[in-house]
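Structure in structure tokens, see below.
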There are 2 protein chains.
Amino acid sequence: MKVTINDVARLAGVSMKTVSRVINKEPSVRKKTYDIVMDAVKELNYQPNLAARNLAGTSSFTVGLVYDNPNAYYVIDMQNGVLSRCKDEGYELVIHPCTYTDTNMKDEFITMIKRSRLAGLVLTPPLSEQSSITNLLDELNIHYVRVLSGRPTDEDQDTCIYVNDYKAAYEITTHLLTHGHENIGFICGDKEHKSTSERLEGYKAALADHKTHFNSELVYDGKYSFESGVEGAKALLGDDNKLAITAILGGNDEMAAGALFASRLMGIDIPRQLSITGFEDSPFSRQTWPKLTTAHQANDVISQHAARLLFTKTRGARNQDKDIITSFTPSIVIRESSGPKQ
Amino acid sequence: MKVTINDVARLAGVSMKTVSRVINKEPSVRKKTYDIVMDAVKELNYQPNLAARNLAGTSSFTVGLVYDNPNAYYVIDMQNGVLSRCKDEGYELVIHPCTYTDTNMKDEFITMIKRSRLAGLVLTPPLSEQSSITNLLDELNIHYVRVLSGRPTDEDQDTCIYVNDYKAAYEITTHLLTHGHENIGFICGDKEHKSTSERLEGYKAALADHKTHFNSELVYDGKYSFESGVEGAKALLGDDNKLAITAILGGNDEMAAGALFASRLMGIDIPRQLSITGFEDSPFSRQTWPKLTTAHQANDVISQHAARLLFTKTRGARNQDKDIITSFTPSIVIRESSGPKQ
DNA sequence: TAGCTTATTGACAGCGCTGTCATTCTAACT
DNA sequence: AGTTAGAATGACAGCGCTGTCAATAAGCTA
């Protein structure tokens, strides 16, 4: 039942250490030896014991995923992406949901690290935006990869995965503009989140490029929640729509769903009288009627690449993974909630 | 930086083994010794190394959470519940999302077990209902605790946590009946899920107890999805509501939200013309307008107790936890989507 | 107080693996 | 063939802890 490295070594007729070299893909193993060992590994269905590897080695086979995000869909996607990569590479994942406060964060991280030495952490927004956290991790000397909303920069190429919300918002706004909309409302998410400003900037840039005047009255400060989408639509469309809004860009699907809901209650026909778009392509966007035009954000793919980036960092020079994408731009998915201005 | 059991032993002036006894709460340690050791533990902020414990000991400090459930809210809640308990007890959690098929399941479990020996698994519905899985685990000799929809039985008290959907459905149906509703539609979830039949049984029992005729035409077979809630409402209320339905019981919040949405599209006033209720009290139920009356299911608490039950099993006789609840009944939360029959 | 039982503690091996360093083999040279 | 650099392999210690079993201390009886 329990197969150890020794069993494999015996079957392959080599030393334990050579088996170790093979499973760790270390250089200096003859092709023939490699094959013999791999055959033995397969025959015995050998799985290296993680506890032993973590204990014996200098590097660890455990990665952590840290998040402080109320969006269950997002979290699950991120988990699944990292997890799929971990499985492939023989790593184990420790998830760490938390509530960000400077004080407890440090202790929690330290406890986490002491209990199981970590290969590194994947940080997701909004935690990844906190410099106090990255400083702390630098201080504790822990590898990490950050998933961030933003435009890629030259620095940080090896520690950040960027989600180009700016560009996506630019494109979704352009989609509306080319359909003849001019007064486009924008419902913002939390001001503290980087994605909010990125999306807003993209919206503004699109307006500017299409010589459309930016009107700050058309921007509503929401909270990335369904409720705030409802409020936003009410605020923007109130007073008999005196702002003459014909389209609303929701900062995320949840708010767009709220806006859509509120609009329908007001008797507005979507998309004939009003186009509404979301952001993220979460299940929310498919649970409205009509379904939301949105920007598809492949969170599982993004987090897979985050994991890959982390692995290359921790493995040093050997086993480099060259195909890592460090910048993603959500792609527009046009559904029934948006259309030409009538 | 790195504190080991030896450092604690040295500071406390005892042997390594005595420290081990203290942190494992083994009997036969003098109170005074215990205190001295604990002081040293605290002074050094010692955290036992999980890899070493897992490697050296016969029991393991890793538990797995296995699920095949598309509901992100549910999964997150379950994770958080188990996780909070793991933290307290010094266990580590390995999450294992999967897609149930007889063939791959076995291999995946075996790989999982070989990589890191497990203290046990927490199984959630619908996987927990598959006897092929429990058989497999029995065969592999792995401890497990199942979270199940159902009424508690005498057997399985030590391996199952029951969620009494029957009773909750009974109560929610009674709520509608006492408000004067007689023709109450029911939108079922997946037929394969135990919760579906439990909820349907509860609905039927309530009707019977209130001397209301059960009409199978009022039952629609859905899929626990928003979409199927939409379809369900259309089917039940179609043809000018010839069935004279005044209330619809959704098998879960997602379907209830779909039904609510569809009803509004048909121009039906909720709750005046039609009461709609959900099940689970997921965020869905608060993202509709009006908000859904539903049955609150405390998934995080449920999964906490599942973890506790698993721990007592694996720890054998010592450290028994007597306050474990093995049966939960979701409690009705009355919101605005239901009201008296007009 | 001796003599016994039982409670408490410690010494030590070893869990399954990796890092270090020594050894052996290979191949490309004189 | 003899030499030698470098590639390929192996022997062995030890990661931090727990299980086993032996040693000691404490508590009890007569």
Side-chain angles (χ1 to χ4, degrees), chain A residues 1-10 12-37 40-41 44 46-62 90-92 113-117 119 314-316 318-319, chain B residues 1-10 12-37 40-41 44 46-62 90-92 113-119 314-316 318:
Chain A
M1 178 71 211
K2 192 187 283 175
V3 181
T4 75
I5 199 170
N6 272 307
D7 301 321
V8 178
R10 206 172 308 121
V14 297
S15 78
M16 187 168 91
K17 181 67 218 189
T18 297
V19 177
S20 170
R21 287 198 178 92
V22 169
I23 60 174
N24 287 297
K25 296 197 187 3
E26 285 177 32
S28 296
V29 176
R30 201 170 305 164
K31 175 75 170 62
K32 201 176 141 205
T33 315
Y34 180 91
D35 291 339
I36 293 170
V37 171
V41 165
L44 297 175
Y46 168 68
Q47 287 290 337
N49 178 304
L50 264 173
R53 294 179 102 175
N54 281 337
L55 186 58
T58 48
S59 63
S60 142
F61 288 85
T62 303
Y91 280 69
E92 138 185 271
I113 295 154
K114 283 191 178 170
R115 281 200 187 161
S116 39
R117 195 157 35 79
T314 56
R315 277 194 297 242
R318 72 190 187 206
N319 291 107
Chain B
M1 179 69 211
K2 191 188 283 175
V3 181
T4 75
I5 200 170
N6 271 306
D7 301 321
V8 178
R10 206 172 306 123
V14 298
S15 77
M16 189 167 89
K17 180 68 220 190
T18 298
V19 177
S20 169
R21 287 199 179 90
V22 169
I23 60 173
N24 286 296
K25 296 196 187 3
E26 285 177 31
S28 297
V29 176
R30 203 170 304 162
K31 176 75 170 63
K32 202 176 141 204
T33 315
Y34 180 92
D35 291 340
I36 293 171
V37 171
V41 165
L44 298 174
Y46 169 68
Q47 287 289 338
N49 178 305
L50 265 174
R53 293 179 103 175
N54 281 338
L55 186 59
T58 49
S59 63
S60 142
F61 288 85
T62 302
Y91 280 69
E92 139 184 271
I113 295 153
K114 283 192 179 170
R115 281 200 186 162
S116 39
R117 195 157 33 80
L118 295 172
T314 56
R315 276 193 301 240
R318 70 190 187 206

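Residue numbering restarts at 1 for every chain, and letters A, B, ... go by the order of the sequence lines. Scope of the values below: all heavy atoms of this structure, side chains included, with no hydrogens, waters or symmetry mates.
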Task: Under 4.0 angstrom between T18(A) side-chain N/O and dG10(D) OP1 or OP2 - done: yes
TODO: May I have the distance from E26(A) (atom CD) to dA8(D) (atom P), rounded to whole angstrom?
DONE: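 Atom CD in E26(A) sits about 13 Å away from atom P in dA8(D).
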TODO: Determine, for nucleotides 11-16 of chain D in 5'-to-3' order, which nucleotides have protein heavy atoms under 4.0 Å from the base (write B), from only the sugar-phosphate (write S), or from neither (write -).
DONE: BBBBBB
TODO: Quickly work out the R30(B) CZ to dA25(D) P distance and round it to whole Å.
DONE: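 Going from CZ in R30(B) over to P in dA25(D) covers 10 Å.
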Open item on the list: Expressed as a whole number of angstroms, how long is the span from N24(B):CG to dG19(D):P?
Closed with: 7 Å
Task: Positive for side-chain contact (heavy atoms from CB on, under 4.5 Å) with V22(A), one of V14(A), V29(A), T33(A) - done: V29(A)
Open item on the list: Please tell me if N54(B) has a side-chain N or O lying less than 4.0 Å from either OP1 or OP2 of dC17(D).
Closed with: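 For dC17(D), OP1/OP2 do not have a side-chain N/O of N54(B) under 4.0 Å.
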Open item on the list: Show the nearest heavy-atom pair for residues L50(B) and G90(B), with the distance to one decimal.
Closed with: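 Looks like CD2-O, 3.8 Å.
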Open item on the list: Please tell me if S59(A) has a side-chain N or O lying less than 4.0 Å from either OP1 or OP2 of dT18(C).
Closed with: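 Answer is no, no contact under 4.0 Å.
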Task: Distance-minimising heavy-atom pair for Y91(A) and R115(B) - done: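 Here Y91(A) and R115(B) meet closest at O-NH1, 4.3 Å.
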Open item on the list: If I take atom CZ in residue F61(A) and atom C1' in nucleotide dC17(C), what distance separates them, rounded to the nearest angstrom?
Closed with: 10 Å
- [ ] Write down the atom of L55(A), the atom of L55(B), and the distance for their closest heavy-atom approach.
- [x]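 Taking every non-hydrogen atom into account, CD2-CD2, 3.4 Å.
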Task: Heavy-atom pair with the smallest gap, counting every atom of T58(A) and R117(A) - done: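 Scanning both residues completely, I find the closest heavy atoms to be O-NH1, 2.6 Å.
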Task: Y34(B) or I23(A), whichever maps to the more 5' nucleotide of DNA chain C - done: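 In this pair, the answer is Y34(B).
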Task: End axis versus end axis in the helix from dT1(C)-dA30(D) to dT30(C)-dA1(D), the angle rounded to 10°, five pairs used at each terminus - done: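 Between the first-five-pair axis and the last-five-pair axis there is 40°.
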- [ ] Show your working on salt bridge (charged side-chain N to carboxylate O under 4.0 Å, His left out) between D35(A) and K32(A) and close with a plain yes or no.
- [x] CA-CA 5 Å; D35(A) 291 339; K32(A) 201 176 141 205; over 6 Å; no
Open item on the list: Check whether N24(B) reaches the backbone of E26(B) with its side chain - one donor and one acceptor, N or O, closer than 3.5 Å.
Closed with: no
Open item on the list: Could you tell me how far apart I36(A) (CD1) and dA8(D) (P) are, to the nearest whole angstrom?
Closed with: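 Taking CD1 of I36(A) and P of dA8(D), I get 14 Å after rounding.
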TODO: Check K114(A) against L44(B) and note the closest heavy-atom contact, atom names and distance.
DONE: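 For K114(A) versus L44(B), the nearest heavy atoms are NZ-O, 4.1 Å.
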Task: Protein-nucleotide distance (K31(B), atom NZ; dA25(D), atom C1'), rounded to Å - done: 20 Å
- [ ] Indicate whether any N or O donor in one side chain lies under 3.5 Å from an N or O acceptor in the other, for N54(B) and T62(B).
- [x]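 Yes - a donor-acceptor pair under 3.5 Å links their side chains.
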